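I have placed the structure first, in the form of structure tokens, so that the comments after it can refer back to it.
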Amino acid sequence: MARRRQIYEGKAKILYEGPEPGTLIQYFKDDATAFNAQKRGTISGKGVINNRISEHIFTSLAAIGVPTHFIRRLNMREQLIRQVEIIPIEVVIRNVAAGSLSKRLGIEEGTQLPRTIIEYYYKDDALGDPMIADEHIACFGWATQEEMNDIADMAIRVNDFLSGMFAAIGIRLIDFKLEFGRVWDGDYARVILADEISPDGCRLWDIKTNQKLDKDRFRQDLGGVEEAYQEVARRLGLLQPEEESAVLDLDSHRKKRGK
Ligand code: UDP
């Protein structure tokens, strides 16, 4: 493949210059990190699966009118996206207590929340992505009030849509993280959904067994990480029978090598 200019390398993805101005290529790696990158590893085949899952979700969201950066999937690990100016805020939507919320407030993991919570974190690895309030966002000018209203509205729409989509395949959407970016139309900026939506940034539990089907398997060393990501893709109907067997072959190959 022709040499391309790398724009940015993150923990799980690489961004390359796109074929046209205003576009980028988003490459999904198998690398995984947790606890602000203190824990590192690889999840074999994760990039391929997340590329497919994120494509599916962003395409479905576009179909209900949520604007996103996704243009089209290019190959197994890459998708063409619109270049955006990333808003430096991680938006976390919670339906059920888990993770940092359970820890911080002492609420038992798995407790259904009486209403959906939206939280904001400042995207800054050196600071460990601290939680922030609307006041900080306004004070430091990270986003305007109008942009924050649009972000909250979109977050709720995405949550409603994804909760239903996952419930239909026997998965409970516990919480997830979204990122947004600005696109410019002359002097006018508009906010669209960016980044990815995949088991890397969602908590997904089997409705019947409460089994974790997401990155918590990696964070907590529960094993079966690859299988959990595959299971989500399989339930979403994204694995063709031949791909499923290819994935299984990979597994048996790894087992043969004693890994
Ligand atoms: N999350 C994420 N990236 C982050 C922090 C959180 O994708 O940098 C996701 C995480 O996967 C979970 C949700 O946001 O689905 C809420 O995470 P939480 O605040 O509980 O933090 P964690 O337990 O990951 O420290």
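Reckoned from all heavy atoms, side chains included, excluding hydrogens, waters and symmetry mates. One-based numbering, in listed order, for ligands and for the atoms of each. As the structure is a prediction and not an experimental result, all values here were calculated from the model. One is the number of the first residue; the rest follow in order along the sequence.
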Query raised in the report: Under 4.0 Å from ligand 1, counting heavy atoms only, is it the side chain of F35, its backbone, both or neither?
Result: neither
Query raised in the report: Taking the non-hydrogen atoms of D200, is any one of them nearer than 4.0 angstrom to ligand 1?
Result: yes
Query raised in the report: Between Q230 and E227, is there a donor-acceptor pair closer than 3.5 Å when you use the side chain of the first and the backbone of the second?
Result: no
Report task. Starting from atom 10 (C) of ligand 1, find the nearest protein heavy-atom neighbour and note its residue, name and distance. Result -> R219 NH2, 3.5 Å
**Report entry** E55 bridged to R72 by N-O distance under 4.0 Å
**Finding:** no
**Report entry** For V92, atoms of ligand 1 separated by under 4.0 Å from a heavy atom
**Finding:** 14 (O), 16 (C)
Query - Charged N-O contact under 4.0 Å between R235 and D206 - result: yes
Report summary line: Note: ligand 1 atoms sitting under 4.0 Å from heavy atoms of D129 are 8 (O)
**Report entry** CD on Q26 to CG on N50, rounded to 0.5 Å
**Finding:** 10.5 Å
Query raised in the report: Under the 3.5 angstrom rule, does the side chain of K177 hit a backbone N or O of D200 as a donor-acceptor pair?
Result: no
Query raised in the report: ring pair (Phe, Tyr, Trp, His ring centres under 6.0 Å) with Y8: which residues, sequence neighbours excluded?
Result: none
Query raised in the report: Are any of the N/O atoms in S100 less than 3.5 Å from those in ligand 1?
Result: yes
Report task. Measure the CE-CD1 distance between M165 and I171 for me, rounded to the nearest 0.5 Å. Result -> 8.0 Å
**Report entry** Protein contact to atom 8 (O) of ligand 1 [nearest heavy atom, distance to 0.1 Å]
**Finding:** E90 OE1, 3.1 Å
Report task. Out of L173, N36, L101, D175, indicate the one that has the non-hydrogen atom closest to atom 13 (C) of ligand 1. Result -> D175
**Report entry** Top protein contact for atom 17 (O) of ligand 1, by heavy-atom distance
**Finding:** R203 NH1, 3.5 Å
Report summary line: Any heavy atom of R94 under 4.0 Å from ligand 1? The part involved is side chain
**Report entry** Step-by-step side chain to side chain contact (heavy atoms under 4.5 Å, CB included) determination, R94 to L113
**Finding:** CA-CA 8 Å; R94 300 182 184 274; L113 299 171; 3.8 Å; yes
Requested in this report: Tell me which part of C202 gets within contact of ligand 1: side chain, backbone, both or neither, using heavy atoms under 4.0 Å.
Outcome: backbone
**Report entry** Atom indices of ligand 1 within 4.0 angstrom of Y121 heavy atoms, with elements
**Finding:** 19 (O)
Query raised in the report: If hydrogens are left out, which of K177, K215, E196 has an atom nearest to atom 1 (N) of ligand 1, that is, the closest non-hydrogen atom?
Result: K177
Query raised in the report: Relative to each other, are the rings of Y122 and W142 parallel, tilted or perpendicular (30° and 60° limits)?
Result: parallel
